[in-house]
Asks: 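Take this structure first; my questions come after.
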2 protein chains.
Amino acid sequence: MWPERCRAILVSKPSVMVIYMADLLVWEKPDLNTLPGVIKKAIVEGRAVIIIGECSIEYEGRSASRLGNGERILIIKQDGSVLVHRPHGYSPVNWQPETSVIETWTDDEGRLYILAVREGPREVLSIVFSRVDLAVSMKLSDKAEFIMYLSEAEIKRILMDNPELVEPNLRILEDEKKLGSGQADIYGVDGNGRPVIVELKRIPASREAVFQLYGYVKSYEAKYGRRPRGILVAPSFSPSAIEALQRLQLEYKLIDLRELYRLALKKGYRKSILDYGRKQV
Amino acid sequence: MWPERCRAILVSKPSVMVIYMADLLVWEKPDLNTLPGVIKKAIVEGRAVIIIGECSIEYEGRSASRLGNGERILIIKQDGSVLVHRPHGYSPVNWQPETSVIETWTDDEGRLYILAVREGPREVLSIVFSRVDLAVSMKLSDKAEFIMYLSEAEIKRILMDNPELVEPNLRILEDEKKLGSGQADIYGVDGNGRPVIVELKRIPASREAVFQLYGYVKSYEAKYGRRPRGILVAPSFSPSAIEALQRLQLEYKLIDLRELYRLALKKGYRKSILDYGRKQV
DNA sequence: CGTGCCAGGTGCCAT
DNA sequence: ATGGCACTTGGCACG
């Protein structure tokens with residue numbers, strides 16, 4: 001049933017085991033009393049910890065939550081970030097961001113307490129394990145650079161190199177022009193010398209985006225005494241966005257992300273992976 | 001150095017091991033060729049998989065990204081959701097939501113490929129492991145109910161039970177009144193019979209919240225021919241929010257989340273955990 | 001530190 | 001499916 005190169009070891013009752021390798025330690029069915037030491041040592045040495053077992057959770061901070069007993073995966077990273085994952089879904093059910101300080105101990109009944117505390121705002125995450133099936137401690141080395149394509153920043157770069165994609169004869173004057181409390185994505189002048197403010201969205205534009213653009217237009221008008229054109233650039237527009245655009249006398253321009261991506265691919269000589277596993281027709 | 005109840009086993013060269021328990025299997029330094037079978041079997045049986053090792057990642061979908069070799073933690077959950085975590089931070093560096101379909105194989109050079117593909121929108125996540133230190137497969141049982149306190153929904157419930165916290169003599173008429181494209185949090189009438197629209201924020205209110213409220217007020221006016229009062233209720237207000245409130249002739253009301261939480265505690269007989277680990281003064 | 005704003009935002013619920 | 005919006009949003013940049 002299992003690949004033949006795997007050996008299977010049946011462990012019928014709780015036991016404790018450490019497999020020691022270069023930088024990975026594994027405890028199977030550990031005595032919970034040993035884990036506070038494991039966790040503290042890991043944190044001191046910059047190691048990450050994974051604990052799999054049955055726990056209950058309380059959180060209190062900006063909000064508050066409670067979760068009864070269940071089997072979950074806990075990850076404590078080197079920087080103090082904590083994640084608790086249930087068996088389903090993308091999001092952790094509870095977590096603590098990286099600035100948290102971790103305390104851990106066991107009580108008389110052998111339960112393992114893990115407390116992740118963060119200040120400003122004060123938030124407390126309390127995890128109590130009644131049973132641990134597996135604990136792993138590891139030092140991860142990961143120095144690779146993460147490269148993101150098609151972010152709003154990259155789209156803006158493409159549009160600023162090719163302003164005719166927004167409007168013919170548009171001349172870019174300024175990137176991230178400060179206006180009022182925020183900053184306009186792109187500022188320039190059109191073929192008739194009229195100032196143009198461009199707000200760019202890489203996702204379908206909602207009414208919020210229109211208000212954002214409107215705020216820049218109003219700030220510009222208040223500052224320079226001249227009403228600029230305002231153009232919302234996005235791959236699509238919600239009905240409420242279009243209604244608001246018309247009401248506030250603003251313009252909009254569709255962009256085709258695929259087209260922009262082809263442009264980026266051409267410039268960067270990158271190969272698409274989107275066809276992986278696609279059904280052959 | 002380690003707690004004395006732990007046994008340490010030194011593994012000097014790659015080997016393959018399975019620890020079999022009720023519902024948890026562990027492979028240490030597995031031959032990568034065995035892992036596609038492990039993963040496929042896990043998915044079929046509704047088990048989650050954790051793989052720790054060195055991998056590179058490509059993603060393409062709504063955006064696109066690339067990440068070179070590094071040591072990471074991969075989680076594949078029962079529902080097809082995939083998370084890849086680097087050694088630092090709260091967020092996974094790459095992921096795939098729960099609807100993804102997972103394919104996995106190895107190539108001639110023994111590298112492990114894991115492809116998570118999602119449709120609508122089509123997104124492809126490709127993970128290639130060149131080395132795996134640990135693989136875990138487990139069936140997690142977690143039926144507990146997650147209870148969230150102090151969400152906006154709970155705050156609204158408290159305010160609707162105690163409308164005087166918003167304004168004396170306020171009478172609530174409607175919850176989530178549909179107005180235009182969105183819906184106002186609370187709708188009622190004040191002591192003088194004038195309609196009141198309340199927009200509630202559980203976080204510091206920004207200018208966006210003011211525009212949101214303004215949209216509801218305008219929609220109400222357009223629909224009923226009468227300008228209602230608009231009250232923004234929040235724990236604090238940004239300067240730009242206050243400026244916008246005054247410009248648009250809207251009102252605002254501070255709420256004290258702690259006070260509301262005490263109310264909720266009193267009703268729910270819950271005990272705060274915020275004092276855990278706080279320094280004694 | 002707060003303020004503003006993007007994010008492959010995610011999640012929930014509505015039509 | 002799309003729209004509207006809250007979220008312990010997280011994350012970054014900037015003053």
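All heavy atoms count here, side chains included; hydrogens, waters and symmetry mates do not. Chain letters run A, B, ... following the sequence lines, proteins first and then strands; every chain starts at 1.
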Asks: Quick one: is B:R202 getting a side-chain N or O under 4.0 Å of the D:dC5 phosphate, OP1 or OP2?
Replies: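 B:R202 to D:dC5 OP1/OP2: no side-chain N or O under 4.0 Å.
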
Asks: Mind checking A:V93 for me? I need base, sugar-phosphate or nothing, with any heavy atom below 4.0 Å counting as a touch.
Replies: base

Asks: If I take atom CG in residue A:L125 and atom P in nucleotide D:dG10, what distance separates them, rounded to the nearest angstrom?
Replies: 12 Å

Asks: A:R86 side chain to B:A144 main-chain N or O, any donor-acceptor pair under 3.5 Å?
Replies: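 Looks like yes, one N/O pair under 3.5 Å.
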
Asks: Please work out if B:P239 contacts a base, only the sugar-phosphate, or nothing of the nucleic acid, heavy-atom cut-off 4.0 Å.
Replies: sugar-phosphate

Asks: Tell me whether the side-chain N/O atoms of A:Y216 come closer than 4.0 Å to OP1 or OP2 in C:dC5.
Replies: yes

Asks: How many angstroms lie between atom CD1 of B:I51 and atom CD1 of B:I73, to the nearest 0.5 angstrom?
Replies: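 Spacing of CD1 (B:I51) from CD1 (B:I73) equals 12.0 Å.
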
Asks: Checking all strands, does A:F146 fall into the base, sugar-phosphate, or nothing category for heavy-atom contacts under 4.0 angstrom?
Replies: nothing

Asks: Check whether any side-chain N or O of B:S63 sits under 3.5 Å from a backbone N or O of A:Y149 as a donor-acceptor pair, and report yes or no.
Replies: yes

Asks: If you find the nucleotide of DNA chain C closest to B:E208 and the one closest to B:E98, which residue's nucleotide is nearer the 5' end?
Replies: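 The 5'-side residue here is B:E208.
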
Asks: Set out, in order, the CA-CA distance, both residues' side-chain angles and the distance that settles side-chain contact (heavy atoms from CB on, under 4.5 Å) for B:L159 and B:V198, then state yes or no.
Replies: CA-CA 11 Å; B:L159 291 183; B:V198 177; 5.8 Å; no

Asks: I need the A:I102 CD1 to A:K77 NZ distance, nearest 0.5 Å.
Replies: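 Output value for this atom pair is 12.0 Å.
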
Asks: Between D:dC5 and C:dG8, how far apart are the P atoms? Round to whole Å, please.
Replies: 23 Å

Asks: Would you say a side-chain N or O of A:R207 is under 4.0 Å from OP1 or OP2 of D:dC5?
Replies: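 Yes, A:R207 has a side-chain N/O under 4.0 Å of OP1/OP2 on D:dC5.
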
Asks: Report the nucleotide, chosen from C:dC5, C:dC6, D:dA6, that has the shortest atom-to-atom distance to any side-chain atom of B:E152.
Replies: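 Out of C:dC5, C:dC6, D:dA6, the nucleotide with an atom closest to B:E152's side chain is D:dA6.
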
Asks: Tell me the interatomic distance from B:I147, atom CD1, to D:dT8, atom P, rounded to whole angstroms.
Replies: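 So the two atoms are 15 Å apart, to the nearest Å.
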
Asks: On a whole-Å scale, what distance lies between the P atoms belonging to D:dG11 and C:dG11?
Replies: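 Comparing P positions in D:dG11 and C:dG11 gives a spacing of 16 Å.
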
Asks: CG of B:D185 versus P of C:dC12: gap in Å, rounded?
Replies: 19 Å

Asks: Does OP1 or OP2 of D:dT8 have a side-chain N or O of A:R118 closer than 4.0 Å?
Replies: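 No, outside the criterion.
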
Asks: Classify A:E176 by what it touches in the nucleic acid, base, sugar-phosphate, or nothing, heavy-atom distance under 4.0 Å.
Replies: nothing

Asks: Could you tell me the separation between the CG atom of A:L150 and the P atom of C:dG9, rounded to a whole number of Å?
Replies: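 A:L150 atom CG is separated from C:dG9 atom P by 11 Å.
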
Asks: Across the strands shown, which category fits A:S206 at heavy-atom distances under 4.0 angstrom: base, sugar-phosphate, nothing?
Replies: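 A:S206: no heavy atom of the nucleic acid under 4.0 Å.
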
Asks: Establish, with yes or no, whether the OP1 or OP2 oxygen of D:dG4 is under 4.0 angstrom from a side-chain nitrogen or oxygen of A:S238.
Replies: yes

Asks: Is the ring pair B:W95/A:Y90 parallel, tilted or perpendicular, if the boundaries are 30 and 60 degrees?
Replies: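 Tilted.
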
Asks: Ignoring backbone atoms, establish whether A:R66 has a side-chain N or O less than 4.0 Å from OP1 or OP2 of D:dT8.
Replies: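 Checking A:R66 against D:dT8: no side-chain N or O falls below 4.0 Å of OP1 or OP2.
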
Asks: By a 5.5 angstrom centroid cut-off and a 30 degree plane limit, is there stacking between B:W95 and C:dG8?
Replies: yes

Asks: Classify B:E199 by what it touches in the nucleic acid, base, sugar-phosphate, or nothing, heavy-atom distance under 4.0 Å.
Replies: sugar-phosphate

Asks: Expressed as a whole number of angstroms, how long is the span from A:I186:CD1 to C:dC6:P?
Replies: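 Roughly 13 Å, once rounded to whole Å.
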
Asks: For the side chain of B:Y59 and the base of C:dG8, is some donor closer than 3.5 Å to an acceptor across the two?
Replies: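 Present.
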
Asks: OP1, OP2 of C:dT3 versus side-chain N and O of B:S240: anything below 4.0 Å?
Replies: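 No, because none of the side-chain N or O atoms of B:S240 sits under 4.0 Å from OP1 or OP2 of C:dT3.
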
Asks: Taking OP1 and OP2 of D:dT9, is either one under 4.0 Å from a side-chain nitrogen or oxygen of A:R62?
Replies: yes

Asks: For the pair made of CD in A:Q183 and C1' in C:dT3, what is the distance, rounded to whole Å?
Replies: 10 Å

Asks: Is any side-chain N of the basic residue among B:E123 and B:R118 closer than 4.0 Å to the acidic one's carboxylate O?
Replies: yes

Asks: Just to confirm, is there a sub-4.0 Å distance from OP1 or OP2 of D:dG11 to any side-chain nitrogen or oxygen of B:S91?
Replies: yes

Asks: Assuming nearest nucleotide by heavy-atom distance, tell me which of A:I203 and A:L200 is located more 5' along DNA chain C.
Replies: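 The 5'-side residue here is A:L200.
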
Asks: Round to a whole Å and report the spacing from NE2 of B:H88 to C1' of D:dG11.
Replies: 16 Å

Asks: From OH of B:Y90 over to P of C:dG9, roughly how many Å is that when rounded to an integer?
Replies: 15 Å

Asks: Phosphate oxygens OP1/OP2 of D:dA6: is one of them under 4.0 Å from a side-chain N or O of B:Q212?
Replies: yes

Asks: At under 4.0 Å between heavy atoms, what does B:K201 touch on the DNA or RNA strands: base, sugar-phosphate, or nothing?
Replies: sugar-phosphate

